[in-house]
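For reference, the structure is listed below as structure tokens.
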Amino acid sequence: MRNSWADSVENVATDNVGPSGGTGASASTRRSSYVPPHLRNKPIAAEPLAPSQGGPPGNDRLGFNGPTSGSRWGGSRPDYGRQGGYSGGGRSGGGWGGRGGGWSREREVNPFGNDADVDLEQSFDQENTGINFDAYEDIPVETSGENVPPPVNTFAEIDLGEAVNLNIRRCKYVKPTPVQRYAIPISLAGRDLMACAQTGSGKTAAFCFPIISGIMRGSFPQRPRGVRTVFPLALILSPTRELSMQIHEEAKKFSYETGVRVVVAYGGAPINQQLRELERGVDILVATPGRLVDLLERAKVSLQMIRYLALDEADRMLDMGFEPQIRRIVEQMDMPPPGERQTMLFSATFPKEIQRLASDFLANYIFLAVGRVGSSTDLIVQRVEFVHDGDKRSHLMDLLHAQMANGVHGKHALTLVFVETKKGADALEHWLCINGFPATAIHGDRTQQEREQALRTFKRGDTPILVATDVAARGLDIPHVSHVINFDLPNDIDDYVHRIGRTGRAGKTGLATAFFNEGNLSMSKPLADLMQEANQEVPEWLTRYASRSYGGRNRRAGGGRFGGRDFRRDSSYNRSGVGVNYYDGGNSSGGYGNYSGGYGPGVTSAWD
DNA sequence: TTACACT
């Protein structure tokens, strides 16, 4: 049902974010044969498997047994340096028929919906991708580290395999985003990676594609069977339940009909259903830390077969609240150490002290910084207004009324309002509702059902205003958020960066308004600096506050147009200062000669 | 000090 205001914004917000993830759709009927998991990696017999052959016994749910060999991708890649990695390329003639396969005989739900294959033959124009590639022109990129693999320009250049390539087309991805262009070759080369890139710039695909293709072509020892413990090959951790769900949804699209199984586990939901999913088999586990620790303690999951570890929103995962849990998972359970697994850390912000912590998890890693696509660029118009606490509600009301008067609201113009506390979120939601604004709220004191419901009605536009705590600050991809209001400013500039990154997604423009008052003095300088960097109009009064330099504990991760800079380059972490050349400013060649593994000479001792 | 992360 469309009404006039919806029509009026239709032209403004015409993003198209690919196919919706329909559920209940039947699997493609084209799939005529099935290669069971326990045969997929068998040495290849002379004849390909007949459609009717094989099929696991009903209780064969731990898959991938038997000696492994066989890669459909026989060609060898240039070796970019990792010794003893898991990139099992080089063999030829193997394969499992390119028809997918899987852990159980049940049909895999088509995450693309019924009609996904219909237009596969059409040529894709950029209108369909949901990503405005023009916005990616001239994105500045920095890489550092030893022997950095060169970026690619097209998916065709990347050897991800037929099945993944098909999913890329189903996703209507025309060409890789900047972070994908750099991160995928790095990851395919088996290298560890620390990457700064705004979510919404294709980060999830950047770490999922290499993991999926690596699992498909890799050879792994037989996973124990007959026990209630499952042994995933890849672990993806994220700081919130909703973000884990979102990663899971995406990963299922990327792995459709590849035979690679993705399972999600998070708290607030009944554990039994998650356990059942796990017991049906799992290659890639997406999880929040708390629930994963629970599963590990119950010995339902073992990490001893982990070959890929990805931390999304890695700086959050390593900050005070999360660090002990993450260390426990990564260092104190049965996960293979750095060097024996491949580790990828992604975040839009990477403060140096967090980089230092993170380097414990990495071996000879490459640092990658992709200029922000969605936050401190001109894609987001940032405004700051001086509003006393007592005036915030009426000021918010003014903003919302003004929006409505301009026709900027409705299904395609959602407003996300960030507050500091859970109580504050409830209070503001209630106040908005009794004042006639269709609002809902999401925060950690609501039940998981309520949280998911809130996100759903917000996305659908049924409640086009969402009041949120920082639970919604990171990573969530909510199309059509046209306005982010920082009703309460966060205490940390990086949190601000993540919050406003909920708008201006995938190359589209957005508006971010912040309410500033005496309670936010410590934010004046970092906020003014950030806005300045982003060519935003900085109000004169904010510059005045900033020049008085309050607080000062608010670090900017890096300068200029980047979300961060390799802390190994910072001389304060490098006492010796002797010609350590980690850094190649032009992302091209040369300049790695002095790097000798680990963190490099003079660096390891810098903080111990 | 808050928020997030398991029953």
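Chain letters run A, B, ... following the sequence lines, proteins first and then strands; every chain starts at 1.
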In whole Å, what is the span from the [atom1] atom of [X] to the [atom2] atom of [N]?
X      : N     : atom1 : atom2 : value
A:R451 : B:dA3 : CZ    : P     : 13 Å
A:E420 : B:dC4 : CD    : C1'   : 13 Å
A:E323 : B:dA5 : CD    : P     : 18 Å
A:E313 : B:dA5 : CD    : P     : 13 Å
A:D312 : B:dA5 : CG    : C1'   : 15 Å
A:M320 : B:dA3 : CE    : P     : 14 Å
A:D445 : B:dA3 : CG    : C1'   : 10 Å
A:L243 : B:dC4 : CG    : P     : 14 Å

*Pair A:D488 + A:K392, salt bridge at N-O below 4.0 Å*: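 Yes, charged N to carboxylate O under 4.0 Å.
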
Using OP1 and OP2 only, check whether a side-chain N or O of [X] sits under 4.0 Å from [N].
X      : N     : result
A:R316 : B:dA5 : no
A:T288 : B:dC4 : no
A:K422 : B:dC4 : yes

Answer with base, sugar-phosphate or nothing: what part of the nucleic acid does [X] contact at a heavy-atom distance below 4.0 Å?
X      : value
A:G321 : base
A:A269 : sugar-phosphate
A:R328 : nothing

_Going by side-chain contact (heavy atoms from CB on, under 4.5 Å), name the residues that satisfy it together with A:E250, two or more places apart in sequence or in a different chain._
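In terms of side-chain contact (heavy atoms from CB on, under 4.5 Å), with neighbours along the sequence ignored, A:E250 is linked to A:Y173, A:T204, A:F254.
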
_Over all atoms of both residues, closest heavy-atom pair of A:L489 and A:N520_ =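 Answer, listing the atom of A:L489 first, then A:N520: CB-ND2, 3.6 Å.
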
*Kindly say whether the aromatic ring centers of A:F487 and A:F418 come within a distance under 6.0 Å.*
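Between A:F418 and A:F487, which both carry aromatic rings, the centre distance is not below 6.0 Å.
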
_Candidates B:dT1, B:dC6, B:dC4 - which lies nearest the side chain of A:V471_ =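 Closest nucleotide among those given: B:dC4.
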
*asked:* Just to verify, what does A:F516 make a ring pair (Phe, Tyr, Trp, His ring centres under 6.0 Å) with, not counting sequence neighbours?
replied: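 A:W541, A:Y545.
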
